[in-house]
K.L.:
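Handing you this structure, nothing more for now.
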Amino acid sequence: MNEITAPTGKVIVCDGNEAAAWGACLSRPDMVAVYPITPQSSLVEYLAQFIADGRMDADLMDVEGEHTVLSVLHGAVLAGARTYSATSAQGLAFMFEPYFRTPGLRLPMVVSLVTRDAVSPTCVWGGQQDAMTVKEVGWIHMYCETQQEILDTIPIAYKVAEHPDVMLPVNVNHDGNYLSYGVARVELPEQSVVDAFLGEKQVNWHACLDPERPMAVDPLTGGAGGVGPSMFVKYRKGLCSGMQTALQVIEDAHADWGKRTGRYWSPLIEEYRMEDAEVALVTIGSMTGAAKDAVDEARADGKKVGLVKIKTFRPFPAARIAQALSKVKAIGVVDRSVNFGWNCGPAFQEVLAALYAHQTARIPMMSFIGGLAGADITVEHFAQVVRRTFRLAGGEAAAGPVWLNEND
């Protein structure tokens, strides 16, 4: 459960992109490489302003495209620098080649994804199709519900990425349009608090480039003979191990941040009114606020419904999800993106797999898809989800996916 105590730092009012820029600024990256793309552009502008004003002591590289953004950061991290960037949708698609290389090189960088639906049809508005499309590449993915959570999650992401038993890149994801441009109260922690939390930089201890100690990075590995195949397996297993280790590291980092700031975010999942829930909703990202309001309204009508918010999507907290949902009679999973091959939402498929892996009893589930291309998912939409999920618990056959904005 999220818990926030009395403020201990400076309070400002800002949008989600500025909150992300403050999170990066307070984490003291050595280098920032950027290329603007809607709805991430103002985040880049905030970073440039912070550096111009002397608030942020980092080298700014304004390059010609997203492929170069990530490529130059690879070199910086390999040289021992802490780095930061942000992107969105087609920009993420353009950086895909170095994006795929980043976790394989075990480069502990942090990049904000200001999530957006992907073309075609042409669209520049919010959705999570971009982030969900790259969920299998090897990056850790954390999703935020509020502007404050965005700011706090970025230093936490550095703590996780740079842990010697993890050493993986982290995407801190916040919903484009809704969080990127939505304005809210945000508390800035003192710089000394963030410095003490992050400690001395441990950016790339395993392969830090040094002219006095030349080495080859990312040599050709694999093939059908010699030690190549076994070496390739070794690297893949190491990446998988880092991912699974990250589950505990993420929990530890959140607990440490909570002690220092008074803000305890749920590290893997958040359970809301699940104590005696008969049915449960599953959400991810900014939609959760409206979903909680719908849960409260249903509770006021005597309906025992709860909610599970997914904060960490990669590595997927399968055991925690299964435990949280183990006692309900039916589940409605709401996605803001599409898994085309399975005719459902990606989170629906993940929850289904988690329950299969960790439970013997089969709980009825239904996939709901909404909020595509900037559409609203309102409290009334979630009220529909609650009604359909209770009908599912009553024995009605599952049908889906249900497209929430189809008739808006």
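If you read the sequence from its start, that first residue is 1, and numbering goes on from there. Because the structure is predicted, anything quoted here is derived from the model rather than measured.
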K.L.:
With the threshold set at 4.0 Å, does a side-chain nitrogen-carboxylate oxygen contact exist between E278 and R273?
P.N.:
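A salt bridge is absent here (no side-chain N lies under 4.0 Å from a carboxylate O).
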
K.L.:
Before accepting this row, confirm whether a basic side-chain N of the pair E190/K10 lies closer than 4.0 Å to the acidic partner's carboxylate O.
P.N.:
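Salt bridge: no.
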
K.L.:
Between D152 and R263, is there a salt bridge with N-O shorter than 4.0 Å?
P.N.:
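Looking at R263 and D152, the cut-off is met.
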
K.L.:
What heavy-atom pair brings A397 and L392 nearest, and what distance separates the two atoms?
P.N.:
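For A397 and L392, the tightest heavy-atom pair comes out as C-CD1, 4.1 Å.
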
K.L.:
Could you check R320 against E251 for salt bridge (Lys or Arg N to Asp or Glu O under 4.0 Å), going step by step and ending with a plain yes or no?
P.N.:
CA-CA 12 Å; R320 294 291 300 276; E251 293 201 80; 3.1 Å; yes

K.L.:
Would R82 and Y158 count as a cation-pi pair here, with the cationic atom under 6.0 angstrom from the ring centre and within 45° of the axis?
P.N.:
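That pair qualifies as a cation-pi contact.
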
K.L.:
Is R336 salt-bridged to D117, cutoff N-O under 4.0 Å?
P.N.:
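Salt bridge: no.
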
K.L.:
Please indicate whether Q384 has more than 12 foreign heavy atoms, meaning atoms of other residues, nucleotides or ligands, lying under 6.0 Å from its CD.
P.N.:
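More than 12 heavy atoms, drawn from other residues, nucleotides or ligands, come within 6.0 Å of this atom.
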
K.L.:
Looking at side-chain heavy atoms only, is the closest gap between M365 and V351 below 4.5 Å?
P.N.:
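In short, these two side chains touch, coming nearer than 4.5 Å.
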
K.L.:
Looking at H141 and W139, what are the two nearest heavy atoms and their distance?
P.N.:
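Nearest pair, atom of H141 first, then W139: CD2-O, 3.4 Å.
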
K.L.:
Inspect the contact between E275 and K327 and indicate whether a charged nitrogen and a carboxylate oxygen are less than 4.0 angstrom apart.
P.N.:
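So K327 does not pair with E275 through a salt bridge.
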
K.L.:
Crowded around M243 CE? As in, over 12 foreign heavy atoms under 6.0 Å?
P.N.:
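Yes, CE of M243 has more than 12 neighbouring heavy atoms, counting only those of other groups under 6.0 Å.
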
K.L.:
Have E97 and H67 got a donor and an acceptor in their side chains that come within less than 3.5 Å?
P.N.:
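A pair is found: one side chain offers a donor N or O, the other an acceptor, under 3.5 Å apart.
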
K.L.:
State whether E350 and K135 are salt-bridged, where the test is any N-O pair (Lys NZ or Arg NE/NH1/NH2 against Asp/Glu carboxylate O) under 4.0 Å.
P.N.:
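Counted as a salt bridge, because a side-chain N and a carboxylate O are separated by less than 4.0 Å.
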
K.L.:
R28 and D57: salt bridge (Lys or Arg N to Asp or Glu O under 4.0 Å), yes or no, with the steps?
P.N.:
CA-CA 7 Å; R28 296 187 188 271; D57 184 18; over 6 Å; no

K.L.:
Donor-acceptor pair, distance only, cut-off 3.5 Å: does the side chain of H358 make one with the backbone of A354?
P.N.:
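Such a contact is absent between H358 side chain and A354 backbone.
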
K.L.:
State, to 0.1 Å, how close V166 and V160 come at their nearest heavy-atom pair, and which atoms those are.
P.N.:
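Scanning both residues, the minimum pair turns out to be CB-O, 3.4 Å.
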
K.L.:
Kindly give the heavy-atom pair with the smallest separation between A33 and V69, and that separation in Å.
P.N.:
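A33 and V69 have their closest heavy atoms at O-CG1, 3.4 Å.
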
K.L.:
Side chain of S241, backbone of K237: donor and acceptor closer than 3.5 Å?
P.N.:
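No, because the side chain of S241 does not come within donor-acceptor range (under 3.5 Å) of the backbone of K237.
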
K.L.:
Less than 4.5 Å apart, any side-chain heavy atom of L113 and any of D130?
P.N.:
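L113 does not reach D130 side chain to side chain.
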
K.L.:
Examine distances only and state if a side-chain atom of N171 and a backbone atom of V111 form a donor-acceptor pair shorter than 3.5 Å.
P.N.:
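Pair found, side chain donor or acceptor close to backbone of V111.
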
K.L.:
How about D296 and Y272: does a side-chain donor come under 3.5 Å of a side-chain acceptor?
P.N.:
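Result is yes, a qualifying pair exists.
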
K.L.:
Quick one about D175 and Q128 (side-chain donor to acceptor, distance below 3.5 Å, no hydrogens or angles considered), yes or no?
P.N.:
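Distance-only check passes for Q128 and D175.
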
K.L.:
Would you check if there is a donor-acceptor pair between the side chains of N17 and S42 at a distance under 3.5 Å?
P.N.:
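A donor-acceptor contact under 3.5 Å links the two side chains.
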
K.L.:
Do you see a donor-acceptor pair shorter than 3.5 Å between the side chains of T153 and E149?
P.N.:
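Per modelled atom types, T153 and E149 side chains form no pair under 3.5 Å.
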
K.L.:
Donor-acceptor check, side chain of R299 to backbone of V305, threshold 3.5 angstrom: yes or no?
P.N.:
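Flag set: sc R299 to bb V305 pair under 3.5 Å.
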
K.L.:
Please check: side-chain N/O of S367 versus main-chain N/O of G345, any donor-acceptor pairing under 3.5 Å?
P.N.:
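Checked: pair present.
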
K.L.:
I'd like to know if D256 pairs up with K159 as an ion pair, taking the criterion as any Lys NZ or Arg NE/NH1/NH2 lying under 4.0 Å from an Asp or Glu carboxylate oxygen.
P.N.:
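Salt bridge between D256 and K159, a charged N being under 4.0 Å from a carboxylate O: yes.
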
K.L.:
Using a 4.5 Å cut-off on heavy atoms from C-beta on, say whether the side chain of L355 contacts that of I331.
P.N.:
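Of all side-chain heavy-atom pairs linking L355 with I331, at least one is under 4.5 Å.
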
K.L.:
Between the side chains of Y84 and S112, does any donor sit under 3.5 Å from an acceptor?
P.N.:
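There is such a pair (donor and acceptor under 3.5 Å, judged by atom type) between the side chains of Y84 and S112.
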
K.L.:
For K329, does the NZ atom have more than 12 heavy-atom neighbours from other residues, nucleotides or ligands under 6.0 Å away?
P.N.:
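12 or below, so no.
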
K.L.:
What is the distance from atom CG of L70 to atom CG of L73, rounded to the nearest 0.5 Å?
P.N.:
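Answer for the CG-CG pair, L70 versus L73, is 6.0 Å.
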
K.L.:
Should R314 and E136 count as an ion pair when the cut-off is N to O under 4.0 Å?
P.N.:
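A salt bridge links R314 with E136.
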
K.L.:
Considering non-hydrogen atoms only, spot the tightest contact between L404 and I377 and give its length.
P.N.:
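So the minimum-distance heavy-atom pair works out to CD1-CG2, 4.1 Å.
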
K.L.:
Kindly check if the number of other-residue, nucleotide or ligand heavy atoms within 6.0 Å of OH (Y181) is above 12?
P.N.:
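More than 12 within 6.0 Å, yes.
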
K.L.:
Any side-chain to backbone donor/acceptor pair from R106 onto M167? Under 3.5 Å, distance only.
P.N.:
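Indeed, once roles are kept as given, a pair shorter than 3.5 Å links the two residues.
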
K.L.:
For G182, does its backbone N or O pair with a side-chain atom of D15 as donor and acceptor, under 3.5 Å?
P.N.:
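Not confirmed, D15 side chain does not pair with G182 backbone.
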
K.L.:
Check whether T68 reaches the backbone of E64 with its side chain - one donor and one acceptor, N or O, closer than 3.5 Å.
P.N.:
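Between the backbone of E64 and the side chain of T68 there is no qualifying donor-acceptor contact (under 3.5 Å).
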
K.L.:
Is there a side-chain contact between V279 and V328 in this structure, where contact means two heavy atoms from C-beta onward sitting under 4.5 Å apart?
P.N.:
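Answer no - side chains too far apart.
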
K.L.:
If only atom types and distance count, is the side chain of E162 paired as donor or acceptor with the main-chain N or O of K201 below 3.5 Å?
P.N.:
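No; zero donor-acceptor contacts below 3.5 Å.
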
K.L.:
State whether E145 and K292 are salt-bridged, where the test is any N-O pair (Lys NZ or Arg NE/NH1/NH2 against Asp/Glu carboxylate O) under 4.0 Å.
P.N.:
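Result for this pair is yes, salt bridge flagged.
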
K.L.:
Side chain of E271, backbone of V308: donor and acceptor closer than 3.5 Å?
P.N.:
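Here the side-chain-to-backbone pair does not exist.
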
K.L.:
Let's go through F368 and D335 carefully: what are the C-alpha distance in whole Å and the side-chain angles of both, what is the deciding distance for side-chain contact (heavy atoms from CB on, under 4.5 Å) to 0.1 Å, and is it a yes or a no?
P.N.:
CA-CA 6 Å; F368 298 85; D335 280 274; over 6 Å; no

K.L.:
Looking at G80 and D30, what are the two nearest heavy atoms and their distance?
P.N.:
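Looking at all heavy atoms of both residues, the shortest contact is O-OD2, 4.5 Å.
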
K.L.:
For W22 together with F50, are the ring centres under 6.0 Å from each other?
P.N.:
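Under 6.0 Å, so yes.
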
K.L.:
When you check the side-chain N and O atoms of H381 and T378, is any donor under 3.5 Å from an acceptor?
P.N.:
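Yes, a side-chain donor-acceptor pair sits under 3.5 Å.
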
